[in-house]
Protein chains: 2
Amino acid sequence: MQISSRFTIALHILTAIETFKDEYRLTSEFLAGSVQVNSVIIRNILLQLKSAGMVQIPRGRASGSIVLLKKPEEINLLDVYKAIEPLEHDTLFAFHKNPNPKCPVGKNVHNILDDRLLSVQKAMEDKLKNMKLSDVLSDLSKLI
Amino acid sequence: MQISSRFTIALHILTAIETFKDEYRLTSEFLAGSVQVNSVIIRNILLQLKSAGMVQIPRGRASGSIVLLKKPEEINLLDVYKAIEPLEHDTLFAFHKNPNPKCPVGKNVHNILDDRLLSVQKAMEDKLKNMKLSDVLSDLSKLI
DNA sequence: TTTTTTGTAATGTCAATAGTTACAATAAAA
DNA sequence: TTTTATTGTAACTATTGACATTACAAAAAA
């Protein structure tokens, strides 16, 4: 199963906020125009980013002033991922629920796999942690 | 989104085949008893492992003789993962389909994220590649 | 010929993603 | 004060995938 596109949408949103903060009024409608999805999807993702303390979202006609609450160097991709992807028990790999406790393999399959699979998950998360929004922005600045 | 439990079921199956090869008749029914899922699910996963060249599955009354076609040292967890999890375009991270090409961010979001996300995926896959079925079996042998 | 087991199809349930419409609450602007 | 723009949120639909179950023809040994 793939990791949902809401994660890349969130990165797109954060990148666009920083890129256009001085040029345009930043509303969910504006961002929806860049991502090309419905503005409700943008608003829901923005709420998750707000819960993670990354953005400030004024209401009402005040808006157009969505703001990053952290510097791009202070936002890493793992923070974004965790803000967006709600993993059951924080585990990337799902497990079959009822391995047979009367079977030597069924009884121990969690013991022998959990640590290994967690270390795989950690390898991925460490890689995400070492990438910052500022890295993404500096890549972008070379292309615009 | 989590990675489906079919992956851990596949590891359970392979472990059980090697563990019980001299003690029991290995049928999908027997394996279903250890995993505690329906035998059709076992059979479908076995077919995927067969396509990957990992197991041999005799039909009819001959059965009970499902066999590993490789040594446990020659089977790594990435091979199992790839045999079981069909990723679209081989990419772990899904992407929103239509970023706006008229927007500087929308136009470049693939360019600036694809390499990064692939390297994250690769970190995970490399970790899986370095774990062998024989490692899992030796952990198990300490517990039985 | 009988029996066992596989390969496969058909069907059902459940959860998640993704999209859409609608609207009360908010808060600035007129 | 009224108007207007925008958010937060609910309700609904469609589509997909995971997981489960029943059923049975095909295979192949007993």
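Treat the numbers as computed from the prediction; the structure is a model and nothing was measured. In what follows, chains are A, B, ... by sequence order, proteins preceding strands, each numbered from 1.
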Contact state string [nucleotides 12-22 of chain C, B base, S sugar-phosphate only, - no protein heavy atom under 4.0 Å]: ----SSSBBBB

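At a threshold of 4.0 Å, the pair B:D139-A:R116 counts as salt-bridged, since one of the basic side-chain nitrogens sits closer than that to a carboxylate oxygen. The pair A:E85-A:K82 fails the salt-bridge criterion, with no side-chain N (NZ, NE, NH1 or NH2) lying under 4.0 Å from an Asp/Glu carboxylate O.
For A:I57 and D:dT9, the CD1 to C1' distance is 13 Å, given to the nearest whole Å. Following rounding to the nearest Å, A:L31 (CG) and D:dT7 (C1') show an atom-to-atom distance of 13 Å. One interatomic measurement links the two molecules: CD1 of A:I42 to P of D:dT9, which rounds to 17 Å at whole-angstrom precision. To the nearest angstrom, P of C:dG7 lies 8 Å from CG of B:L46. The distance from atom CZ of B:F7 to atom C1' of D:dA18 is 17 Å, rounded to the nearest whole Å. In this entry the distance linking CZ of A:F95 with P of D:dC19 reads 13 Å, nearest Å. Distance CZ (B:F30) to P (C:dT4): 18 Å, rounded to an integer number of Å. Taking atom CG of residue B:L87 and atom P of nucleotide D:dA18, one finds them 10 Å apart after rounding to whole Å.
Panel note: side chain A:N108, backbone A:N111; no donor-acceptor pair is recorded below 3.5 Å. Remark: side-chain polar atoms of A:N130 are paired, donor with acceptor, to backbone N or O of A:D126 under 3.5 angstrom.
Atom CE of B:M1 is separated from atom CZ of A:R6 by 10.5 Å, given to the nearest 0.5 angstrom.
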Test side chain to side chain contact (heavy atoms under 4.5 Å, CB included) applied to B:K132 and B:I75, step by step: CA-CA 6 Å; B:K132 295 170 191 154; B:I75 296 176; over 6 Å; no

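Under 3.5 Å, the side chains of B:T8 and A:H96 contain a donor-acceptor pair of N or O atoms. Counting only N and O atoms by type, the side chains of A:Q121 and A:T91 include no donor and acceptor under 3.5 Å apart.
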Between the protein and nucleotides 28-30 of chain C, which nitrogen or oxygen pairs are less than 3.5 angstrom apart?
none

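Between B:K50 and C:dT6, a side-chain N or O to OP1/OP2 separation shorter than 4.0 Å is absent. OP1 or OP2 of D:dA5 has not a single side-chain nitrogen or oxygen of A:R59 nearer than 4.0 Å. Between A:S28 and the phosphate of D:dT6, there is no side-chain N or O to OP1/OP2 separation shorter than 4.0 Å.
Looking at heavy-atom distances under 4.0 Å, B:L47 makes contact with sugar-phosphate atoms alone, never a base. Using a 4.0 Å heavy-atom distance criterion, B:K97 is classed as making no nucleic acid contact.
The local environment of OH in A:Y24 is sparse, with at most 12 non-hydrogen atoms from other residues, nucleotides or ligands closer than 6.0 Å.
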